[in-house]
Amino acid sequence: VHISDVYKKFNENHDRISDKESRILNAILWVGKAHTELDNKIYFLELCFALESLLQVDTDKFINPSITYSISSNCAMISADKYEDRKNVMSKLKQLYSIRSKLAHGKNSDVSNLECEQLFMYISYLLADLANKEIWKRYSSMHELMQEIENQKLGKLTDCETDSIE
């Protein structure tokens with residue numbers, strides 16, 4: 001199966017899938033496209049596009065947090081369960097995402113195979129967690145999922161937690 005066939009099928013069925021499914025498929029397509037690249041810079045940028053297609057919502061707001069903060073913190077909240085693990089994921093993704101910024105702003109930055117592999121690993125875990133973790137599976141809209149993450153960041157108890165208190 002060629003990536004263009006997958007893309008064609010994706011577009012034909014686009015109106016029958018949820019926002020989250022659409023974003024996951026789009027990210028998978030970016031990852032697939034990245035894997036055809038020989039240039040690490042292009043490969044890395046296309047992996048960044050995969051992350052952005054998953055995690056960027058509300059881009060039309062007048063004021064948004066930095067893309068680096070938004071991507072790294074949201075990925076950490078989805079993929080890591082413990083505070084220390086979230087801090088580590090966020091720190092590493094900020095480091096990796098700074099490479100994207102350098103590339104996007106015309107600074108000549110080399111991208112190592114290790115950096116590409118690390119970013120690919122984070123995207124793989126993110127995709128698996130969005131599809132398989134019970135807490136995230138129930139959301140069909142990434143906007144709603146991101147709202148839940150924002151609530152968790154601010155310390156709001158989830159419905160499950162408030163049920164156990166009563």
Side-chain angles (χ1 to χ4, degrees), residues 17-34 40-107 109 111-112 114-162 164-165:
I17 60 175
S18 73
D19 170 60
K20 186 172 90 175
E21 291 168 331
S22 174
R23 287 171 178 266
I24 288 171
L25 286 171
N26 199 32
I28 291 168
L29 288 171
W30 275 115
V31 170
K33 184 166 175 25
N40 274 4
K41 290 177 186 178
I42 304 297
Y43 177 80
F44 191 88
L45 285 172
E46 289 175 346
L47 290 178
C48 288
F49 297 159
L51 262 181
E52 291 167 15
S53 68
L54 281 168
L55 298 178
Q56 273 201 289
V57 296
D58 294 333
T59 55
D60 56 345
K61 282 186 178 178
F62 183 67
I63 298 175
N64 277 312
S66 80
I67 188 171
T68 302
Y69 172 80
S70 178
I71 296 287
S72 62
S73 67
N74 289 337
C75 186
M77 292 295 292
I78 292 168
S79 295
D81 297 323
K82 296 179 182 166
Y83 175 75
E84 286 301 319
D85 295 337
R86 286 179 176 161
K87 277 179 44 177
N88 290 335
V89 168
M90 192 168 168
S91 174
K92 187 60 185 174
L93 272 175
K94 279 183 178 180
Q95 180 186 4
L96 289 169
Y97 223 76
S98 71
I99 297 167
R100 178 224 182 264
S101 295
K102 289 175 188 172
L103 292 171
H105 297 289
K107 294 181 181 162
S109 180
V111 181
S112 71
L114 178 62
E115 291 163 331
C116 290
E117 290 169 14
Q118 289 172 334
L119 188 55
F120 175 75
M121 179 195 67
Y122 282 113
I123 295 168
S124 298
Y125 286 136
L126 179 64
L127 286 166
D129 291 338
L130 284 170
N132 298 313
K133 276 189 179 177
E134 287 302 321
I135 190 170
W136 309 126
K137 277 173 49 172
R138 62 185 162 148
Y139 294 97
S140 60
S141 160
M142 286 302 285
H143 180 76
E144 291 171 1
L145 190 145
M146 291 301 151
Q147 187 60 56
E148 174 61 26
I149 288 173
E150 192 64 27
N151 289 341
Q152 287 184 18
K153 287 178 188 175
L154 298 173
K156 181 181 177 194
L157 296 176
T158 63
D159 293 336
C160 298
E161 291 171 321
T162 54
S164 66
I165 293 172

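As the structure is a prediction and not an experimental result, all values here were calculated from the model.
Atom CD1 in Ile24 sits 7.5 Å away from atom OG in Ser18 (nearest 0.5 Å). Expressed to the nearest 0.5 Å, how far CZ of Arg100 lies from NE2 of His105 amounts to 7.0 Å. A distance of 5.5 Å separates CD1 in Ile135 from CD in Glu148, rounded to the nearest 0.5 Å. Of the inter-residue distances, the one linking Tyr69 atom OH with Lys94 atom NZ reads 7.5 Å to the nearest 0.5 angstrom. How far CH2 of Trp136 is from CE of Met77: 6.0 Å, rounded to the nearest 0.5 Å. Taking CD from Gln118 and CG from Leu96, the interatomic distance works out to 5.5 Å, rounded to the nearest 0.5 Å.
Nearest heavy-atom pair across Ala34 and Leu47 is CB-CD2, 4.0 Å. Between Leu145 and Tyr139, the closest heavy-atom pair is N-CD2, 3.8 Å. Across every non-hydrogen atom of Ser22 and Ile17, the tightest pair is CA-CD1, 3.7 Å. Heavy-atom minimum distance, Arg23 versus Ser53: NH1-O, 3.0 Å. Of all the heavy atoms in Cys48 and Leu119, the pair that sits closest is SG-CD2, 3.8 Å. The shortest non-hydrogen separation linking Ser79 to Lys133 is O-NZ, 3.4 Å.
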request  = Determine, stepwise, if the pair Asn74 / Lys153 fulfils side chain to side chain contact (heavy atoms under 4.5 Å, CB included).
outcome  = CA-CA 9 Å; Asn74 289 337; Lys153 287 178 188 175; 3.0 Å; yes

request  = Would you sort out whether Ile123 and Trp30 count as a side chain to side chain contact (heavy atoms under 4.5 Å, CB included), showing the intermediate values?
outcome  = CA-CA 11 Å; Ile123 295 168; Trp30 275 115; over 6 Å; no

key: Check against side chain to side chain contact (heavy atoms under 4.5 Å, CB included), Ile78 and Leu54   = CA-CA 11 Å; Ile78 292 168; Leu54 281 168; over 6 Å; no

key: Intermediate values then yes/no, side chain to side chain contact (heavy atoms under 4.5 Å, CB included), Leu55 and Met146   = CA-CA 8 Å; Leu55 298 178; Met146 291 301 151; 3.3 Å; yes

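Ser124 places a side-chain N or O within 3.5 Å of a backbone atom of Phe120 that can act as its donor or acceptor partner.
Contact of the Asp85 side chain with the Asp81 side chain is not registered, since no non-hydrogen atoms from C-beta on lie closer than 4.5 Å. Between Tyr43 and Val111 there is no side-chain heavy-atom pair separated by less than 4.5 Å. Taking 4.5 Å as the limit, some side-chain heavy atom of Tyr122 sits within range of a side-chain heavy atom of Lys92.
Residues Asn88 and Lys82 have side chains that never bring a donor and an acceptor to within less than 3.5 angstrom of each other.
No more than 12 heavy-atom neighbours from other residues, nucleotides or ligands sit within 6.0 angstrom of OH on Tyr125.
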